[in-house]
Protein chains: 2
Amino acid sequence: MARRGDTIELAVLGLLHEGPMHGYELRKRLNLMLGWGRLLSYGSLYPALKKMLRNGLIEETVPSGPQTRRQRIVYKVTEAGTNEFERLMSEVGPAAWEDDNFDIRFRFFSSTDMEIRLRVLEGRRSRLQERLDRVQRELSMTQKEADRYAAELQRHGVESVEREVRWLSDLINAERGVPLQDGRPETSQSSKPSEKLPEAPTTSATS
Amino acid sequence: MARRGDTIELAVLGLLHEGPMHGYELRKRLNLMLGWGRLLSYGSLYPALKKMLRNGLIEETVPSGPQTRRQRIVYKVTEAGTNEFERLMSEVGPAAWEDDNFDIRFRFFSSTDMEIRLRVLEGRRSRLQERLDRVQRELSMTQKEADRYAAELQRHGVESVEREVRWLSDLINAERGVPLQDGRPETSQSSKPSEKLPEAPTTSATS
DNA sequence: GTTAGCATGTAAGGAGTTACATGATTTT
DNA sequence: AAAATCATGTAACTCCTTACATGCTAAC
């Protein structure tokens, strides 16, 4: 389970956990956090919502009060939905450290406990590290890329992934409660996540 | 035209331009440059090659010399393929600055002239800038994101895109022949592409 | 001899985008 | 009055991934 397709589901469950919402609103929020890349289309959001309705993960209510705007369908999580959300969030396998999937999970990290958080963070880090190693290894076997643009692309790519790895390391240290950690002094100006963000409510919302 | 699906086609044409190759080899190289993300599967490469064969963009030859390994099918570009490659590379519309598409184009920048390069680079930069503006605007409307992880994700996302924008700016300056440019002094340690990489062979390889 | 890597393919299925379709409400 | 934004949805299509299927060669 937890294949790529469950990404939207996880995100929707997480967002609805913060309060009932209608589709349009959901899409806007999703686009704000989803990968900074492509936008989520209605053509994939609404069918996903219908599917979740069928599976009983969410409920729809059409508010009959004074309608400011057009009829809006407000969704909220059911108990089954909460269970499913917790189940999905506690999956720590490879699927959990895929790009989009990781971002969503991270966004809702407050809903899991530290153990899960650490596993996901470390999983993602080692996945990125592998990628880096593989590229660097294969790069040394091939000739030094005569083309300047190809070389620049490669350099930039490696640098980006390295930054990402440092970011993850900082987060892992913060989770473990390491206040600032010495680290390698030359790269110490890397990121330093907002505060320290260690300890956090271990309670997963079981309302 | 130039929808998402043409990305593989463009990449294959570009690579074969640097010399004939068989599928397995092609895949390896593609994976080295393609987005640093997901790997390209055989299930999408081989069908793509077949399609290009049908369209006459490439030719296959089974080398009958001493076979070290198993039978390998070596592909090379046809004249039609070269034309198509040049046509694709000179498209400067929005599709050209999509993530993967941009990377591929950049990789083969040597095959186009500076005007095209500048348009693609600037297009991508403004696309990223838009994204940044939209997020920052919507962020100021919503409350300040109470959740620490949500906030951290946002911060990191913004920072990454900002870095990308600086990278593109440096490249644009380099293209224009600006040696180092003053810029804002605090962010001057940003990237500085390998050399200056201005001028480049305007000749597109016409076999 | 058996595992690992080279090498090429096909079939089924999933996920999401594009384009279409509709209509209310608010702002200019 | 027009344009923009809110709001929900469907159908067709494209693309890619997964899993399967095959078989050679090199290394252990």
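It should be emphasised that the depicted structure is a prediction, and the values quoted were computed from it without experimental measurement. In what follows, chains are A, B, ... by sequence order, proteins preceding strands, each numbered from 1.
Taking the side chain to side chain contact (heavy atoms under 4.5 Å, CB included) definition, one finds that K50(A) meets it with R54(A), sequence neighbours left out. In this view, Y24(A) satisfies the ring-ring contact (aromatic ring centres under 6.0 Å, His included) rule with no residue, not counting sequence neighbours. With sequence neighbours left out, E25(B) forms a salt bridge (Lys or Arg N to Asp or Glu O under 4.0 Å) with R29(B). Residues meeting the ring-ring contact (aromatic ring centres under 6.0 Å, His included) test with F108(B), sequence neighbours left out: F85(B). By the side chain to side chain contact (heavy atoms under 4.5 Å, CB included) test, S44(A) is found to be paired with I8(A), L40(A), S41(A), residues two or more places apart in sequence or in another chain being considered. Here R125(A) pairs with nothing under the salt bridge (Lys or Arg N to Asp or Glu O under 4.0 Å) rule; sequence neighbours left out.
In this entry the distance linking OH of Y75(B) with P of dA7(C) reads 13 Å, nearest Å. In this structure, N31(A) atom CG and dT17(C) atom P are separated by 9 Å, rounded to whole Å. Separating the CG atom of L39(A) from the P atom of dA15(C) is a distance of 21 Å, rounded to the nearest angstrom. When the P atom of dC16(D) is taken as reference, atom CG of D100(A) falls 16 Å away, rounded to whole Å. To the nearest angstrom, C1' of dC6(C) lies 5 Å from OH of Y24(B). Counting to the nearest Å, the P atom of dT22(D) and the CZ atom of R72(B) are 24 Å from each other. Atom pair L30(B):CG and dC15(D):P shows a separation of 16 Å (rounding to whole Å applied). At whole-Å resolution of the value, CZ in R27(B) and P in dC16(D) are 14 Å apart.
At the heavy-atom level, G23(A) lies under 4.0 Å from the strands shown only through sugar-phosphate atoms.
Sequence order on DNA chain C of the closest nucleotides to G43(B) and K28(B) puts K28(B) first from the 5' end.
Residues from residues 44-60 of chain A that place a heavy atom under 4.0 Å from any atom of DNA chain C, listed by number: S44(A).
Each ring-ring contact (aromatic ring centres under 6.0 Å, His included) pair with one or both residues in residues 110-136 of chain B, not counting sequence neighbours, would appear here, but there are none.
Taking the screw axis at each terminus of the helix from dG1(C)-dC28(D) to dT28(C)-dA1(D) from five consecutive base pairs, the angle between the two is 40° to within rounding of 10 degrees.
Note on Y42(A): every side-chain N or O is 4.0 Å or more away from OP1 and OP2 of dT8(D).
Considering every non-hydrogen atom in both R117(A) and Y149(B), the closest pair reads NE-OH, 3.1 Å.
Classification of the Y46(A)-Y42(A) ring pair by plane angle, with boundaries at 30° and 60°, yields parallel.
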